[in-house]
Amino acid sequence: MAKEQPHDLLDETIHQRTRLAIMATLAGVESLDFNDLKAELGLTDGNLSTHLTSLERAGFVKIEKGFSGKKPRTTVAQTAKGRKALENYVNLLQGILDKAK
């Protein structure tokens with residue numbers, strides 16, 4: 001049986017390019033308003049919602065719905081599990097890329 005390779009260990013939930021962009025954007029902030037995240041990444045409501053659902057199922061983000069006055073407001077924050085998963089992903093990817101030097 002072949003030895004498991006580092007690239008086999010990449011977290012597929014984060015590895016998808018849009019979800020990686022979401023995780024990277026959320027890493028630098030405590031939380032972001034859904035509309036701000038959508039504008040930052042140039043996504044549609046549906047596209048962002050679909051990717052956030054995947055990240056939420058994995059426990060990587062927390063989505064809170066509430067109101068700001070009478071306006072509905074959705075905020076998104078990276079969880080501790082999500083921060084650790086992103087850190088592991090970056091370290092693993094860096095190790096793979098270092099071999100290319």
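Everything quoted here is computed from the prediction, not taken from an experiment.
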Closest contact, heavy atoms only, [X] versus [Y]:
X     : Y     : value
Gly59 : Thr79 : O-OG1, 2.5 Å
Ala77 : Glu30 : CB-O, 3.4 Å
Ala21 : Leu41 : CB-CD2, 3.9 Å
Met23 : Gln78 : O-NE2, 2.9 Å
Leu10 : His15 : CD1-CE1, 3.8 Å
Leu32 : Val29 : CG-CG2, 3.8 Å

*Looking at residues at least two apart in the chain, or sitting in another chain, which of them share a side chain to side chain contact (heavy atoms under 4.5 Å, CB included) with Leu9?*
Glu4, Leu92
*Of all residues at least two apart in sequence or in a different chain, which pass the side chain to side chain contact (heavy atoms under 4.5 Å, CB included) check with Thr13?*
Asp11, Arg19, Leu55, Ala58, Phe60
So, taking the atom named [atom1] in [X] and the one named [atom2] in [Y], what distance separates them when rounded to the nearest 0.5 Å?
X     : Y     : atom1 : atom2 : value
Leu26 : Arg83 : CG    : CZ    : 8.0 Å
His51 : Ile22 : NE2   : CD1   : 6.0 Å
Asp36 : Thr74 : CG    : OG1   : 11.5 Å
Thr50 : Asp45 : OG1   : CG    : 10.5 Å
Thr53 : Ile63 : OG1   : CD1   : 6.0 Å

*Show your reasoning for whether side chain to side chain contact (heavy atoms under 4.5 Å, CB included) applies to Asn47 and Lys38.*
CA-CA 9 Å; Asn47 196 299; Lys38 180 178 75 168; over 6 Å; no
_Partner residues of Lys62 under the salt bridge (Lys or Arg N to Asp or Glu O under 4.0 Å) criterion, sequence neighbours left out_ = Glu64
*Report whether Leu97 and Leu86 are members of the same hydrophobic cluster (ILVMFWY, side-chain heavy atoms less than 4.5 Å apart, transitive linking).*
yes
